[in-house]
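Inspection log for the structure reproduced underneath, given as structure tokens.
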Amino acid sequence: MNCCVVGLQWGDEGKGKVVDILAEQSDIVVRYSGGANAGHTVVIGDSRFALHLLPSGSIRPDTICVIANGVVVDPEVLTNGIERLAEKNISLDRRLFISENVHVVLDYHKKEDQLREESLGKSKLGTTIRGIGPCYADKVGRSYAVRMADLRKLEALKEKLHAIVEYKNKVFEAVYGAEPVNANEIFKKCESYADKLLPFITDTTEYLHRAIANGKAILFEGAQGTLLDLDHGTFPFVTSSNSSSLGMPAGCGVPAKLVDKFIGVVKAYTTRVGAGPFPTEQDNETGQYIRDKGNEYGTTTGRPRRCGWFDAVAVSYAVTIGAIDSVAMMHLDTLAGLKELKICRAYQINGQQKTFFPANIDSLSRARPVYETLPGWEEEITEVNDFHDLPVNAQNYICQVEEYIGKPITVIGVGPKRSQTIFSNG
Ligand code: GDP
Ligand code: IMO
Ligand code: MG
């Protein structure tokens with residue numbers, strides 16, 4: 001069975017935990033889009049792993065990990081990730097495969113990301129400053145792109161880097177009045193990346209298709225979330241890749257037809273980091289309660305996450321465009337103690353009620369949520385492991401969300417640990 005796990009909100013839904021759990025039944029876990037902007041947390045016993053580029057299956061010693069074409073790899077972050085796991089006696093030797101076609105994030109991408117955000121002032125997007133936008137821009141622009149395969153031909157790469165850096169420095173100086181970057185220093189780093197990463201580089205498309213032919217079970221791990229998708233999210237407040245499940249086939253060369261199940265991950269409420277419209281945001285005591293109780297601070301940047309009520313309009317849209325079969329709802333435990341809970345079931349836009357997520361952010365910015373209000377529950381639920389042992393109001397909350405989004409919620413998170421998970425309806 002091949003599965004794809006994808007976020008249905010604005011990221012940080014708890015994909016890392018879900019992937020880690022499902023990886024037990026998978027032979028291979030594949031990252032197919034995004035880069036080190038992702039922060040996927042896996043908690044095992046007392047150990048907490050924050051993964052940025054390595055698939056969340058990497059903690060399991062027998063799981064094969066693939067970083068496919070659609071990912072942009074910051075070699076610094078990747079080599080650090082490999083070393084951090086090695087320190088915990090988790091080796092990736094002979095079980096990590098990186099596509100030779102992934103694009104490489106280098107220092108000038110991160111610098112450009114930062115300079116652009118700074119220059120935008122109040123209008124900034126609130127990116128993670130991990131160089132994601134500039135690297136994907138170079139990929140689409142083609143002329144100044146560096147791919148993993150370039151690390152195999154260092155002499156040619158040296159020449160290429162000088163040409164790229166000459167161009168980048170002109171932009172840095174002319175547009176931002178910024179200090180130049182040094183091509184030789186970047187090249188030296190590339191030599192060391194080549195040393196460390198070449199053993200992992202291969203044709204991952206061929207590898208995956210052979211694995212499929214041999215009946216291996218593959219888990220495709222989405223990064224970010226559907227509403228951050230470049231083409232289908234809340235543009236321009238999105239990331240620079242197709243982070244919905246629509247990005248999966250393009251990102252790894254495996255057609256969606258070969259995936260048996262698409263699993264969407266949501267939180268029991270909504271969070272967002274960075275700028276952009278967020279109709280159900282609670283910039284008040286309720287939002288702060290959720291932030292504190294759910295520890296809603298970014299895994300990658302440490303920024304406080306904006307928090308709000310569950311948005312069934314947004315999630316239904318993500319379910320629809322993602323062909324989602326079933327949903328995992330994480331952080332149900334975080335809602336304990338709130339007197340009332342609200343679910344946004346429609347938007348009021350220009351005097352009209354809409355239940356289909358609007359295509360442009362002008363409409364979204366004007367959307368006023370229409371809420372269904374449900375009673376909350378007081379009891380902590382972090383030890384519950386059966387759906388029927390949940391407080392009846394928590395059960396009702398789940399059933400109401402299921403009704404609005406039209407898909408079964410088959411996994412419920414009641415805490416960060418593997419064991420704090422309820423499986424229901426199969
Ligand atoms: P991802 O980017 O989708 O993988 O999610 P993140 O790792 O950025 O953020 C999710 C956070 O919630 C992490 O700190 C997880 O350890 C934590 N988490 C996951 N599931 C649950 C849950 O059901 N309850 C609680 N309280 N925390 C959870
Ligand atoms: P995971 O995989 C939450 C957001 C940033 C910003 C926008 C663009 O952990 O769910 P970028 O650096 O990609 O150019 O930033 O996208 N963003 C995320 N938000 N979780 C993520 O990843 C994110 N990756 C990017 O905050 O608003
Ligand atoms: Mg995250």
Side-chain angles (χ1 to χ4, degrees), residues 5-21 31 33-44 47-53 55-56 71-72 74 105 109-110 112-114 116-117 124-137 221-230 233-241 243 264-278 290 292-306 328-336 380-382 384 411-422:
V5 171
V6 64
L8 299 184
Q9 296 162 319
W10 279 286
D12 301 328
E13 296 91 347
K15 300 175 292 294
K17 173 176 163 172
V18 174
V19 168
D20 168 61
I21 290 170
R31 264 287 302 269
S33 71
N37 47 351
H40 298 175
T41 316
V42 177
V43 180
I44 299 163
S47 298
R48 183 178 175 278
F49 300 86
L51 301 160
H52 300 288
L53 279 164
S56 299
V71 178
V72 288
D74 180 339
V105 178
H109 292 124
K110 290 178 268 193
E112 190 178 334
D113 201 353
Q114 183 177 1
R116 187 177 305 167
E117 283 284 270
K124 69 178 181 182
L125 301 176
T127 75
T128 58
I129 323 274
R130 295 300 184 268
I132 305 300
C135 185
Y136 275 118
E221 174 180 358
Q224 289 79 51
T226 303
L227 305 176
L228 288 171
D229 187 289
L230 179 62
T234 51
F235 191 90
F237 301 102
V238 292
T239 190
S240 301
S241 64
S243 53
V265 187
V266 295
K267 271 179 184 152
Y269 44 92
T270 313
T271 63
R272 169 160 214 177
V273 229
F278 179 178
I290 294 173
D292 290 343
K293 196 152 195 281
N295 191 25
E296 292 295 357
Y297 294 87
T299 308
T300 299
T301 58
R303 290 178 290 178
R305 294 176 181 149
R306 300 159 65 193
M329 179 186 268
M330 313 315 282
H331 275 269
L332 187 65
D333 54 302
T334 302
L335 293 180
E380 293 300 336
I381 57 171
T382 51
V384 176
V411 180
I412 299 164
V414 291
K417 294 185 183 164
R418 272 178 185 166
S419 56
Q420 292 173 302
T421 311
I422 301 172

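Predicted, not measured: the structure shown is a model, and the values here were computed from it. Just follow the structure's listing: the first ligand is 1, and inside any ligand the first atom is 1.
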Nearest-neighbour protein heavy atom for [atom], which is reported as residue plus atom name and distance:
| atom | answer |
| --- | --- |
| atom 15 (O) of ligand 2 | T127 CA, 3.4 Å |
| atom 10 (C) of ligand 1 | D12 O, 3.9 Å |
| atom 7 (O) of ligand 1 | T41 OG1, 2.6 Å |
| atom 23 (C) of ligand 2 | Q224 CG, 3.6 Å |
| atom 21 (C) of ligand 1 | G415 O, 3.4 Å |
| atom 27 (O) of ligand 2 | V273 O, 3.0 Å |
| atom 20 (N) of ligand 1 | K17 CD, 3.5 Å |
| atom 13 (O) of ligand 2 | T239 OG1, 2.6 Å |
| atom 26 (N) of ligand 1 | D333 OD2, 2.7 Å |
| atom 12 (O) of ligand 2 | T128 OG1, 2.5 Å |
| atom 2 (O) of ligand 1 | G39 O, 2.8 Å |
| atom 7 (C) of ligand 2 | V238 O, 3.8 Å |

Tell me, please: is [X] in heavy-atom contact with ligand 2, that is, under 4.0 Å?
| X | answer |
| --- | --- |
| F237 | no |
| G126 | yes |
| R305 | no |
| R303 | yes |

**OP:** For side-chain contact (heavy atoms from CB on, under 4.5 Å), just list the numbers for L332 and I422, CA-CA rounded to whole Å, side-chain angles, deciding distance to a tenth of an Å, and then say yes or no.
**Re:** CA-CA 10 Å; L332 187 65; I422 301 172; 6.0 Å; no

**OP:** With atom 18 (C) of ligand 2 as the reference point, say which of L228, I129, N37 has the nearest heavy atom.
**Re:**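 Checking each option, the heavy atom nearest atom 18 (C) of ligand 2 is found in L228.
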
Original post:
Between K293, K417, R48, H331, which one has a non-hydrogen atom sitting closest to atom 11 (C) of ligand 1?
Top reply: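 Shortest heavy-atom distance from atom 11 (C) of ligand 1: H331.
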
Are any of the N/O atoms on [X], whether in the backbone or the side chain, positioned under 3.5 angstrom from an N/O atom of ligand 1?
| X | value |
| --- | --- |
| V43 | no |
| G16 | yes |
| G11 | no |
| K15 | yes |

Of the non-hydrogen atoms in [X] and [Y], which two are nearest, and what is the gap between them?
| X | Y | value |
| --- | --- | --- |
| V18 | A328 | CG2-CB, 4.0 Å |
| R31 | A38 | NH1-CB, 3.8 Å |
| E117 | L125 | OE2-N, 3.0 Å |
| K124 | F237 | O-CE2, 4.2 Å |
| T239 | I132 | OG1-CG2, 3.9 Å |
| T421 | R418 | OG1-O, 2.7 Å |

Need the ligand 2 atom indices (1-based, order shown) with element for anything under 4.0 Å from a heavy-atom of [X].
| X | result |
| --- | --- |
| A223 | 2 (O) |
| W10 | 3 (C), 19 (N) |
| K15 | 1 (P), 2 (O), 10 (O) |
| A38 | 1 (P), 2 (O), 9 (O), 22 (O) |
| G274 | 27 (O) |
| G39 | 1 (P), 9 (O) |

Is there side-chain contact between [X] and [Y], with at least one heavy-atom pair below 4.5 Å?
| X | Y | value |
| --- | --- | --- |
| V414 | Q420 | yes |
| L228 | R272 | yes |
| I412 | V384 | no |

**OP:** Could you see which bit of R305 sits under 4.0 Å from ligand 1, with heavy atoms only: side chain, backbone, both or neither?
**Re:**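 Answer for R305: side chain.
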
Subject >> ligand 1 contact on L332 by region, counting heavy-atom pairs under 4.0 Å >> reply: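 Within the 4.0 Å criterion, L332 makes no contact with ligand 1.
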
**OP:** Apply salt bridge (charged side-chain N to carboxylate O under 4.0 Å, His left out) to the pair D74 and R130, showing each step before the final yes or no.
**Re:** CA-CA 8 Å; D74 180 339; R130 295 300 184 268; over 6 Å; no

Polar-atom distance check: [X] versus ligand 2, any N or O pair below 3.5 Å?
| X | result |
| --- | --- |
| D12 | yes |
| G11 | no |
| D113 | no |
| R130 | no |
| S240 | no |

**OP:** Examine G39 and say whether one of its N/O/S atoms is closer to the Mg ion (ligand 3) than 2.8 Å.
**Re:**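 Under 2.8 Å: G39 contacts the Mg ion (ligand 3) through an N, O or S atom.
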
Subject >> G294 heavy atom under 4.0 Å from ligand 1 >> reply: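 So G294 does not count as touching ligand 1.
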
Original post:
H331 pairs by side chain to side chain contact (heavy atoms under 4.5 Å, CB included) with which of E296, K17, E13, K293?
Top reply: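 Among E296, K17, E13, K293, the one meeting side chain to side chain contact (heavy atoms under 4.5 Å, CB included) with H331 is E296.
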
Original post:
Applying a 4.0 Å heavy-atom criterion (strictly less than), which segment of H40 is in contact with ligand 2: side chain, backbone, both, or neither?
Top reply: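 Near ligand 2, H40 shows its side chain, while the N, CA, C and O stay back.
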
Subject >> Donor on one side chain, acceptor on other, T271 and D12, under 3.5 Å >> reply: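 D12 and T271 do not have a side-chain donor-acceptor pair below 3.5 Å.
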
Original post:
Can you name the N/O/S atom of D12 that is nearest the Mg ion (ligand 3)?
Top reply: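 Per the distance ranking, D12 contributes OD1 as its closest N/O/S atom to the Mg ion (ligand 3).
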
